[in-house]
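Here the structure comes first, spelled out in structure tokens, and everything after it is commentary.
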Amino acid sequence: PICLMQVLAITVTTRNSSPTWKNLLSIAISTSSFILCWQFAQFMIFTQSAAILGLHIIGLIHKETFTSIIIALLVGLLHAVALMFGNEMLFCSWLFSSLVSCMVVSLFLPLTSLPTLLRVPTQVVLYLVVTMFSKVGISKALLVDDDAHVL
């Protein structure tokens, strides 16, 4: 039910061209509740953030809506980190790296002057590269070996 609540909060917010504080609060609370209740929630929200970025890149979501959703997801993640007594594994997660790269790619490197056929693949590649490097960089900076069980 918490997963559905989080998805509903995102869906309702994507329909608004200018989300209200109630939309953002519902995303933040449902995201932090979801992360607290299920250890693999970060992976679902990671794919959700990538899908939202894709919708923004192709122009289906306004920039204000996209920015609001990403910030609300980040606030929810940080709230979950605080409630989990500073769990540094969440800072080294793909979700945190994805949210950072969404902010970098869409806000700091909008590439609006490029034609659409060049802008879309460029932003997708930038997103993937920034996500990968921020994940590795944050993990090394915090000395966390979170993927050691995979090797």
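Computation of the quantities below employed the complete heavy-atom set of this structure, encompassing side-chain atoms and omitting hydrogens, waters and symmetry-equivalent molecules.
Its side chain within the 4.5 Å cluster rule, Val12 clusters with Leu8 among the Ile, Leu, Val, Met, Phe, Trp and Tyr residues.
Residues forming a side chain to side chain donor-acceptor pair (under 3.5 Å) with Ser32 (at least two apart in sequence, or on another chain): His79.
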Show, in sequence, the C-alpha distance, side-chain angles and deciding distance for Ile57 and Arg119, and conclude whether the side chain to side chain contact (heavy atoms under 4.5 Å, CB included) test is met.
CA-CA 8 Å; Ile57 287 174; Arg119 180 182 51 83; 4.2 Å; yes
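A distance of 12.5 Å separates NE2 of His62 from CG of Leu55, quoted to the nearest 0.5 Å. The line from OG of Ser93 to CD of Glu88 is 12.0 Å long, rounded to the nearest 0.5 Å. Note: Leu95 CG to Leu74 CG = 8.5 Å, rounded to the nearest 0.5 Å. Here the straight-line distance linking atom CD1 of Ile61 with atom OG of Ser17 works out to 12.0 Å at 0.5 Å rounding. Here CE of Met5 is found 8.5 Å from OG1 of Thr31. Values are rounded to the nearest 0.5 Å. A distance of 10.0 Å separates CG in Leu90 from CZ in Phe96, rounded to the nearest 0.5 Å.
In Leu117, the CG atom is not crowded: 12 or fewer heavy atoms of neighbouring residues, nucleotides or ligands sit closer than 6.0 Å.
Taking every heavy atom of both residues into account, Phe91 and Val81 meet most closely at CE1-CG1, 3.6 Å. Across all non-hydrogen atoms, the minimal contact from Leu36 to Ala80 is CD2-O, 4.0 Å.
In this structure, Lys135 contributes its side chain and Cys92 its backbone to a donor-acceptor pair below 3.5 Å. Thr47 places a side-chain N or O within 3.5 Å of a backbone atom of Met44 that can act as its donor or acceptor partner. Of the possible polar contacts, one joining the Thr65 side chain to the Asn16 backbone as a donor-acceptor pair under 3.5 Å is found. The backbone N or O of Thr11 sits less than 3.5 Å from a side-chain atom of Thr14, completing a donor-acceptor pair.
When Ser98, Ser97, Ser101, Cys102 are each tested for a side-chain contact (heavy atoms from CB on, under 4.5 Å) with Val130, only one passes: Ser101.
In the hydrophobic clustering of ILVMFWY residues, with side-chain heavy atoms under 4.5 Å counting as a link, Ile69 and Leu4 come out apart. Under the 4.5 Å side-chain heavy-atom criterion for Ile, Leu, Val, Met, Phe, Trp and Tyr, Leu25 and Phe34 are members of distinct hydrophobic clusters. Under the 4.5 Å side-chain heavy-atom criterion for ILVMFWY residues, a single connected hydrophobic cluster contains both Ile45 and Leu128. The hydrophobic cluster containing Leu53 does not contain Phe133, counting ILVMFWY residues as joined when their side-chain heavy atoms lie under 4.5 angstrom apart, directly or transitively. If you chain together hydrophobic residues whose side chains sit under 4.5 Å apart, Trp38 and Leu78 fall into the same group.
The aromatic rings of Trp94 and Phe46 sit tilted, their planes meeting at an angle between 30° and 60°.
Between Asn23 and Thr20, the side chains place a donor N or O and an acceptor N or O closer than 3.5 Å (distance only, hydrogens not considered).
At a threshold of 4.5 Å between non-hydrogen side-chain atoms, the residues Val7 and Gln48 count as touching. A 4.5 Å side-chain heavy-atom check between Leu77 and Leu73 finds every atom pair outside the cut-off. You'll find the side chain of Thr67 stays beyond 4.5 Å of the side chain of His56, heavy atoms only.
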